[in-house]
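Sequence lines set the chain letters: A, B, ... in the order given, protein chains first and strands last, and positions in each chain run from 1.
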There are 2 protein chains.
Amino acid sequence: MLSSSCRYGIRAVIYIASQPRINGKTGIRQISKDLELPTPFLAKILQQLARQKILTSSKGPHGGFSLQKDPRKITLLDIVKTIDGDGIFTNCIIHNSTCTVVDHEKDPCPVHDDYAYLREELIRLFSSTTISDLAMKAGSTKKIFI
Amino acid sequence: MLSSSCRYGIRAVIYIASQPRINGKTGIRQISKDLELPTPFLAKILQQLARQKILTSSKGPHGGFSLQKDPRKITLLDIVKTIDGDGIFTNCIIHNSTCTVVDHEKDPCPVHDDYAYLREELIRLFSSTTISDLAMKAGSTKKIFI
DNA sequence: TATAAAAAAGATAAAAGAGTATTTTTTTCT
DNA sequence: AGAAAAAAATACTCTTTTATCTTTTTTATA
């Protein structure tokens with residue numbers, strides 16, 4: 001469904017949002033240690049999220065990553081699109097390419113109509129779930145990150 | 001969502017089900033030509049489906065593949081499980097492993113509850129959509145296979 | 001200003017997925 | 001029996017994803 005990179009990215013953003021705000025920065029060493037993810041691999045993912053204005057990164061001593069936006073304004077859709085692209089929301093389920101209503105309206109693939117509903121539900125879920133929601137739920141337990 | 005192998009397999013099974021029954025066999029050369037798929041790669045996929053009793057294969061002149069079951073009894077779920085496994089139906093959306101109700105019932109991951117519904121809809125769609133359904137819809141057009 | 005801490009960048013390595021090529025086995029038909 | 005046609009099996013290549021390692025750049029602060 002989602003790539004490893006994407007899942008790691010989502011968990012890292014939830015983790016950052018759950019951190020107590022002392023100076024507002026969370027180091028990648030700490031994130032990768034607590035989430036049990038490979039440090040340099042996670043670094044690349046967070047860099048992508050920083051380029052998309054979802055995270056802020058700062059170098060130097062006491063540097064690290066923090067959210068660039070209100071966690072209530074960051075959705076799962078934002079993160080998934082940044083890391084995996086929007087293929088999961090547009091690709092046909094049995095063909096290689098997109099299979100939107102426009103593409104196939106006169107020549108729909110046989111699963112098209114039935115899958116359209118599920119695709120809409122997927123988009124609805126991902127676009128309505130915010131990092132704020134997830135960080136609140138995550139707050140109640142430690143193990144969710146692993 | 002689904003691997004290339006899996007999508008190719010689904011399309012091939014729909015194609016076989018759509019063929020006029022002369023001697024009941026469809027050669028892989030014909031399938032790969034009409035679906036524009038690489039022949040030896042598709043062969044491996046069809047072999048997997050044959051091992052799972054979804055297809056029958058016969059060697060020798062006039063050999064080929066045919067359905068081993070009533071197409072009304074072959075579901076998308078059968079094919080997806082054969083080729084991609086059941087990870088898509090069991091894996092957690094943000095973790096590496098399964099995240100079923102049993103696994104996380106006392107310690108659910110933060111997206112668990114919201115995603116559970118979508119997962120159920122996915123299973124419902126895949127298990128209720130049969131090759132018979134798809135072959136009938138496919139009958140009306142040529143381009144759907146490509 | 002020098003140092004150390006941190007992320008950024010780049011190069012490389014391992015694993016998995018996708019695809020190709022070749023040989024072997026089976027079967028039909030002459 | 002022999003030849004040809006078809007799938008099965010095997011081994012290999014290419015690409016992408018995942019992961020690691022090393023070097024560079026930035027920056028706070030002693």
note = Rounded to whole Å, the CD1-P distance (I45(B) to dA18(C)) equals 9 Å
note = Counting primed atoms, P, OP1 and OP2 as sugar-phosphate and everything else as base, the B/S/- map of nucleotides 2-17 of chain D against protein heavy atoms under 4.0 Å is ---BBBB-BB------
ask   = Does the pair Q30(A) and Y15(A) meet the rule for a side chain to side chain contact (heavy atoms under 4.5 Å, CB included), with working shown?
value = CA-CA 10 Å; Q30(A) 177 191 337; Y15(A) 180 89; 2.9 Å; yes
task = Can you measure from CZ (R119(B)) to CG (N91(B)) and round to the nearest 0.5 angstrom?
result = 8.0 Å
key: Whole-Å distance separating the CG atom of D84(A) from the C1' atom of dT18(D)   = 13 Å
ask   = Hey, what do you get for CD1 (I88(B)) to CE (M1(B)), rounding to the nearest 0.5 Å?
value = 5.0 Å
Whole-Å distance separating the CD1 atom of I83(B) from the C1' atom of dA18(C) = 14 Å
key: Whole angstrom value for the distance that separates P of dG17(C) from CG of L37(B)   = 19 Å
For residues 127-134 of chain A, which side-chain N or O atoms pair as donor and acceptor with protein atoms under 3.5 Å away, sequence neighbours left out?
from, atom 1, to, atom 2, distance (Å)
S127(A), OG, I123(A), O, 2.7
S127(A), OG, R124(A), O, 3.3
S128(A), OG, R124(A), O, 2.8
S128(A), OG, L125(A), O, 3.4
T129(A), OG1, L125(A), O, 2.8
T130(A), OG1, S132(A), N, 3.4
T130(A), OG1, D133(A), N, 3.1
T130(A), OG1, D133(A), OD1, 3.3
T130(A), OG1, D133(A), OD2, 3.2
D133(A), OD2, T130(A), N, 3.0

message = Dot-bracket for DNA chain C, please. Rules: Watson-Crick or G-U, both distances under 3.5 Å, ( ) within the strand, [ ] when a pair crosses earlier ones, | for another strand, . otherwise.
response = ||||||||||||||||||||||||||||||
ask   = For the pair made of NZ in K25(B) and C1' in dT27(C), what is the distance, rounded to whole Å?
value = 12 Å
request  = Give, for atom OH of Y8(B) and atom CZ of R11(B), the distance between the pair rounded to the nearest 0.5 Å.
outcome  = 7.0 Å
query = Is the shortest side-chain N/O distance from Y8(B) to OP1 or OP2 of dA18(C) below 4.0 Å?
reply = no
key: Length of the line joining Q48(A):CD and dA8(C):P, which is rounded to integer Å   = 12 Å
inquiry  = Without decimals, in angstroms, what is the distance between L42(A) CG and dA6(C) P?
reply    = 16 Å
inquiry  = Once rounded to the nearest 0.5 Å, what's the spacing between atom OG of S5(A) and atom CD1 of I83(A)?
reply    = 7.0 Å
key: F41(A) CZ - dA19(D) P separation (whole Å)   = 5 Å
Name every donor-acceptor pair, under 3.5 Å, that has one atom in a side chain of residues 39-61 of chain A and the other anywhere in the protein, sequence neighbours excluded.
from, atom 1, to, atom 2, distance (Å)
T39(A), OG1, S32(A), OG, 2.9
S58(A), OG, K25(A), NZ, 3.3

task = For D114(A), check salt bridge (Lys or Arg N to Asp or Glu O under 4.0 Å) against everything at least two apart and list the hits.
result = K137(B)
key: Qualifying salt bridge (Lys or Arg N to Asp or Glu O under 4.0 Å) pairs with a residue from residues 62-73 of chain A, counting only residues at least two apart or across chains   = D70(A)-R72(A)
